[in-house]
J.: 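Supplied in structure tokens, the structure appears directly below.
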Amino acid sequence: MPRRRLILAALPSLSILLFIFFVLFNIHVKSPRVSSLNNTITPREKPPSQVQFSILVGILTRPDKYDKRHFLRLVYGIQSSPIASIDVKFIFCNLTKDEQRIFIALEILRFNDIIILNCSENMNSGKTYTYFSSLPRVLSQRYDYVMKADDDVFIRLPQLALSLEPLPRLDLYYGFVIPCASMNPFVDYMSGMGFLLSWDLVEWIGNSYIPGNDTYGPEDKLVGRWLNTGDKAKNRFSNKPAMYDYPGTNGRCSHELIPETVAVHRLKRWDQWLHVLNFFNVTRELKLTNLYSID
Ligand SMILES: *[C@@H]1O[C@H](CO)[C@@H](O)[C@H](O)[C@H]1NC(C)=O
Ligand SMILES: *[C@@H]1O[C@H](CO)[C@@H](O)[C@H](O)[C@H]1NC(C)=O
Ligand SMILES: *[C@@H]1O[C@H](CO)[C@@H](O)[C@H](O)[C@H]1NC(C)=O
Ligand SMILES: *[C@@H]1O[C@H](CO)[C@@H](O)[C@H](O)[C@H]1NC(C)=O
Ligand SMILES: *[C@@H]1O[C@H](CO)[C@@H](O)[C@H](O)[C@H]1NC(C)=O
């Protein structure tokens, strides 16, 4: 009898122990990139879950580009950064066809990565303004940085995060400064391939009369003009040569692929995507199993 009571008394502590083991095990399983063979974290690597900031990458595209979204979900879905939490979302204006209301509803149900703005699809007529100015109102959370990207750019998310780590979290305008050969981010503007603003500037765009009165024209150029007119973005960073146009597609904005790349733009053809994915070893982590053979 006493022994049985002892066992019963021990049960709660046993379940607490089990719970602790469960938690530990779970954390271990989920921690990113702990070198499993070794279990030592190399000094350069930060301990897991050291997320320091957040980024929203909004890819401005059109509702009908279903295949492109499917592909980009693969490209971005396999990337992550240990130092930043990064959400990639597809941004379009109002749907215009009945079929879109079903097909895109399906995508939203499955992926929840679409934002539909109150505007009509028409390049250079204010979509970028609507994008930035709507975000504080439509999002349920703030981000440290918001990026606007094209759907023909390949962004390496870990490298993007690393390049932002040492930069200010406020009043920042980041990208690839135009003209192509310029190295001065305080003159002109960042290319529409992919530029990024800190959250305070996103809020400013929504609140200031300056952008609100100046929404028609090439969208990337407009953003530079708003910031200059408003005397904003004291912190600017043009990430050359890490951002560029695909070799041979755009004069001095193009150069050969380089290992330290953050973004390659003007990927219009499959052979260009193939070249880029291959060069950056994007599929290198594919594991050997009995289920397939890809050589
Ligand atoms: C484990 O780490 C040590 C020292 O950092 C290194 O010499 C060794 O090669 C590593 N082993 C594996 C299997 O990665
Ligand atoms: C959407 O935009 C239209 C036209 O600009 C405007 O009349 C309408 O009030 C807007 N709707 C919302 C919910 O903001
Ligand atoms: C977008 O669609 C909403 C809902 O159907 C409508 O109220 C709004 O006026 C539309 N906006 C534009 C700019 O067409
Ligand atoms: C445009 O600017 C005027 C003042 O110059 C201001 O009253 C108005 O609200 C602005 N419009 C928008 C859409 O911000
Ligand atoms: C891709 O992998 C190859 C072979 O391991 C290596 O030489 C090359 O540096 C890698 N490229 C990049 C961009 O990491």
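Just so you know, ligand 1 is whichever comes first in the structure, and atom 1 is the first atom listed for that ligand.
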J.: Hey, is atom 5 (O) of ligand 3 under 4.0 Å from any protein heavy atom?
T.: no
J.: Would you verify that at least one protein heavy atom lies under 4.0 Å from atom 2 (O) of ligand 5, or report that none does?
T.: yes
J.: Please check if a non-hydrogen protein atom sits closer than 4.0 Å to atom 9 (O) of ligand 5.
T.: no
J.: Does any N or O in the side chain of K234 come within less than 3.5 Å of the main-chain N or O of D231, such that one atom is a donor and the other an acceptor?
T.: yes
J.: Backbone N or O of G206 within a donor-acceptor pair of the S133 side chain at under 3.5 Å?
T.: no
J.: Run the side-chain donor-acceptor check on residues 86-97: report pairs under 3.5 Å with partners two or more places apart or on a different chain.
T.:
| residue | atom | partner | partner atom | Å |
| --- | --- | --- | --- | --- |
| D87 | OD2 | Y143 | OH | 2.5 |
| K89 | NZ | N112 | O | 3.3 |
| K97 | NZ | D64 | OD2 | 2.4 |

J.: Where on C119 is there a heavy atom closer than 4.0 Å to ligand 3, on the side chain, on the backbone, on both, or on neither?
T.: backbone
J.: For atom 13 (C) of ligand 5, find the nearest protein heavy atom and state the residue, atom name and distance (0.1 Å precision).
T.: F279 O, 3.6 Å
J.: Does any N/O atom on R156 come nearer than 3.5 Å to any N/O atom on ligand 5?
T.: no
J.: What's the spacing between Q159 CD and Q79 CD if we round to 0.5 Å?
T.: 7.5 Å
J.: Heavy atoms, side chains only, cut-off 4.5 Å: are I114 and R69 in contact?
T.: yes
J.: Which is closest to atom 14 (O) of ligand 2 in terms of heavy atoms, L117, T130, N118?
T.: N118
J.: Kindly check if the number of other-residue, nucleotide or ligand heavy atoms within 6.0 Å of CZ (F280) is above 12?
T.: yes
J.: Any donor and acceptor pair, going by atom type alone, linking the side chain of K148 with main-chain N or O of G192 inside 3.5 Å?
T.: yes
J.: Which residue owns the protein heavy atom closest to atom 12 (C) of ligand 3, what's the atom, and how far is it?
T.: N94 ND2, 3.2 Å
J.: Quick one: nearest non-hydrogen protein atom to atom 11 (N) of ligand 5, plus distance?
T.: N281 ND2, 2.9 Å
